[in-house]
Amino acid sequence: MRILFLNGPNLNLLGQREPHVYGRATLADIEAGVRMRAVRMGVGVDFRQSNVEGELVSWIQQAKGEFDFIVLNAAAYTHTSIALRDAISAVGLPTIEIHLSNVQAREQFRHHSCIAPVCSGLIAGFGADSYYLALEAAINVNAEKRPAA
Ligand code: DQA
């Protein structure tokens, strides 16, 4: 099983960016935590970040045939991007929307997600643990999909 973790704009600044909202862990710390757990669970992961909407769209398109699952923290594009929503829908790979912060407890403009209707589920508000919970969820859903031996 292979899982693609995608991170949107400004997540490269984690650690220094509004630590009271996003915590002190850097994106590299979170990637290391994901990779450590993935090795333990016997799954392959790729972990990428881009500030460019089109690059995220291209990565989603290219994931077909390469990955079984996408875990996506689309950051601010969550709230604005019809292009990301269409890419997820077009590719048809199961995708989990994640956020470090509890977006529902924040400003009104963060309450709407363009991508939620085309995602399998949503995990938000647990800091770096949102990533680890998504890893676990993807593995469990994938195992349920498999025909019993
Ligand atoms: C975020 C929440 C978004 O609203 C925000 O634009 C981000 C980060 C999160 O992980 O909490 O950049 O996706």
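Just so you know, ligand 1 is whichever comes first in the structure, and atom 1 is the first atom listed for that ligand.
Side-chain atoms of Asn142 do not come within 3.5 Å of backbone N or O of Ile139 as any donor-acceptor pair.
Shortest non-hydrogen contact noted between Ile3 and Phe67 is C-CD2, 3.6 Å. Minimum interatomic distance between Ala134 and Ile96 (heavy atoms only, all atoms of both residues): O-CD1, 3.6 Å. Residues Pro94 and Asp68 approach most closely at CG-O, 3.4 Å, considering heavy atoms.
Of the protein's non-hydrogen atoms, the one nearest atom 3 (C) of ligand 1 is His79 NE2, 3.5 Å. Of the protein's heavy atoms, Leu100 N, 3.4 Å lies nearest to atom 9 (C) of ligand 1. In terms of protein heavy-atom proximity, atom 11 (O) of ligand 1 is closest to Ser101 OG, 2.6 Å. With hydrogens left out, the protein atom closest to atom 1 (C) of ligand 1 is His99 ND1, 3.6 Å, a heavy atom.
If you check the side chains of Asn51 and Gln49, you find a donor sitting under 3.5 Å from an acceptor. Between the side chains of Tyr131 and Asn7, a donor-acceptor pair is found at a separation under 3.5 Å. Side-chain atoms of Thr78 and Glu97 form no donor-acceptor pair, as typed in the model, at a separation below 3.5 Å.
No part of Val21 comes within 4.0 Å of ligand 1, judged by heavy-atom distances. Under 4.0 Å from ligand 1, the heavy atoms of Arg110 that appear belong solely to its side chain. With a heavy-atom cut-off of 4.0 Å, Glu18 does not touch ligand 1 at all. Contacts between Ile98 and ligand 1 below 4.0 angstrom, taking non-hydrogen atoms only, are absent altogether.
Distances shorter than 4.0 angstrom occur between a heavy atom of Arg17 and an atom of ligand 1. In this structure, Asn73 has a heavy atom closer than 4.0 Å to ligand 1.
Checking only distances, Ala76 does come within under 3.5 Å of ligand 1, N or O to N or O.
Atom CG of Leu100 sits about 5.5 Å away from atom CG of Leu14, to the nearest 0.5 Å.
Atoms of ligand 1 found under 4.0 Å from any heavy atom of Val103 (numbered from 1 in listed order, with element): 2 (C), 4 (O).
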